Enquirer: 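Questions regarding the structure given below will be posed in turn.
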Amino acid sequence: MKSAMRMAFVGLLVGVNCLAQTKQSGTSMGPSPATLERMPESLEVRYASSALPPHLRNDATIYTLDPAKGYLLNHKGANGASCIVVRSDWQMPERPFRNDIYWPVCYDAEGSRTLLRDYMYAAELRAQGLDAKQVHIEVTKRFGTAAYPNPARAGVAYMIAPIMRSFGDSKSSEPFTMNLPHYMFYAPNVKDSDIGGRPFSQYPFILSMSPGRDDVIILLVGEREKASILLESKDLLADLCAYRHFLCTTVATRNRLPKD
């Protein structure tokens, strides 16, 4: 009897030890929600502001993400532009939240007053534990209300950062890392057929993220401007690569489009 009890006790210890090793190694015995990690603040500020042209960066408003709370004001600017690094693709409710989404965007004054608020609210909801579908429902139900007005005029969201990681078109099951600097112009309810758009080409095309509110005309920068941006951002790119391997620039990321 004593021998059997000793064996059972040893077995219990082995099981506890294996569970502890599983937790320490970062593996899981089953699926678990992706947990965001906070970026180093100085790196996040540089990355967020890189979405703007150089002459707008110093006086832009910058927010950094606290995964436990949402976006927090880091620097209050005066030129109307506001920048964040998006970590939650809340506009794709069919895809669970991940911890490897990174795309900087800076809105002009009108976008900061309207569209940016969707991302701020989404970050708060994710911090509260809501999943992608729940966040999408809560954010979209506010569209067009007095508290969440649609853009009242044309404007631009800058995304000329040297690198980004996000989903491509609706058919992509995994996110892409891309060197894809581009501009986004607000164009509510505009279709490719209205402008002769060719999706994911060097010509203007429509990206409809939230139809009627967040429809934008995408214009990719030219190859010469892209090369200049990557060269100017070489230190930032090196630091991002050192921070996360999937933010490294390669031959493939230089040539990739979201449809690839």
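Source: prediction; values computed, not measured. Counting from 1, the numbers follow the sequence of the chain as shown.
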Enquirer: Please name the pair of heavy atoms, one in V135 and one in L130, separated by the smallest distance, quoted to 0.1 Å.
Expert: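 Reported closest heavy-atom pair: CG2-CB, 3.7 Å.
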Enquirer: Treat each ILVMFWY residue as a node, draw an edge where side-chain heavy atoms are under 4.5 Å apart, and state whether F200 and F185 are in one component.
Expert: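 No; tracing contacts between hydrophobic side chains, which count when under 4.5 Å, never links both residues.
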Enquirer: On a heavy-atom basis, which atom in R113 and which in A152 lie closest, and how many Å separate them?
Expert: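 Shortest heavy-atom contact: NH2-CB, 3.9 Å.
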Enquirer: Determine the minimum heavy-atom distance between I163 and Y47, stating which atoms define it.
Expert: O-OH, 2.9 Å
Enquirer: Using a distance-only test with no angle check, is there a side-chain donor-acceptor pair under 3.5 angstrom linking N74 and T64?
Expert: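 Short answer, no.
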Enquirer: Is there a path from L43 to L36 through hydrophobic residues (I, L, V, M, F, W, Y) whose side chains come within less than 4.5 Å of each other?
Expert: no
Enquirer: Determine whether the side chains of S82 and S112 contain a donor N or O and an acceptor N or O closer than 3.5 Å.
Expert: yes
Enquirer: Mind listing the closest non-hydrogen atom pair of G77 and T61 along with its distance?
Expert: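 Minimum heavy-atom contact is N-OG1, 2.9 Å.
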Enquirer: Looking at every heavy atom in both S201 and L220, which two are closest together, and how far apart are they?
Expert: O-CD1, 3.4 Å
Enquirer: Is it the case that S166 and D89 place a side-chain donor and acceptor less than 3.5 Å from each other?
Expert: yes
Enquirer: Any chain of hydrophobic side-chain contacts (each under 4.5 Å) joining I84 to L73?
Expert: yes
Enquirer: So, do F167 and F176 have ring centers that fall under 6.0 Å from each other?
Expert: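 Ring-ring flag for F167/F176: false, centres at least 6.0 Å apart.
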Enquirer: I229 and L180: same hydrophobic cluster, using ILVMFWY side-chain contacts below 4.5 Å?
Expert: no
Enquirer: Not counting sequence neighbours, which residues clear salt bridge (Lys or Arg N to Asp or Glu O under 4.0 Å) with D100? List them please.
Expert: R98, R165
Enquirer: Determine the interplanar angle of the Y119 and W90 rings, folded into 0 to 90°, and report it as parallel if under 30°, tilted if 30 to 60°, perpendicular if over 60°.
Expert: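 The arrangement is perpendicular - the two ring planes meet at more than 60°.
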Enquirer: So, the side chain of S228 versus the backbone of R224: is there a donor-acceptor pair under 3.5 Å, distance only?
Expert: no
Enquirer: Taking the basic N atoms (NZ, or NE/NH1/NH2) and the acidic carboxylate oxygens, is any pair closer than 4.0 Å for D118 and R213?
Expert: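 Looking at R213 together with D118, the answer is yes, because their closest N to O distance falls below 4.0 Å.
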Enquirer: Between R153 and Y186, is NZ or CZ placed under 6.0 angstrom from the six-membered ring centre and within 45° of the ring axis?
Expert: no
Enquirer: Strictly by modelled atom types, are R117 and Y148 linked by a side-chain donor-acceptor pair under 3.5 Å?
Expert: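 No - no donor-acceptor pair under 3.5 Å links their side chains.
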Enquirer: Is R126 salt-bridged to D131, going by a charged N under 4.0 Å from an acidic O?
Expert: no
Enquirer: Are V105 and M164 co-members of a hydrophobic cluster defined by side-chain heavy atoms under 4.5 Å apart?
Expert: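 They do share one cluster, since a chain of ILVMFWY contacts under 4.5 Å joins M164 to V105.
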Enquirer: Anything under 30° is parallel, anything over 60° is perpendicular, the rest tilted; go ahead and classify Y183 against Y158.
Expert: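 The arrangement is perpendicular - the two ring planes meet at more than 60°.
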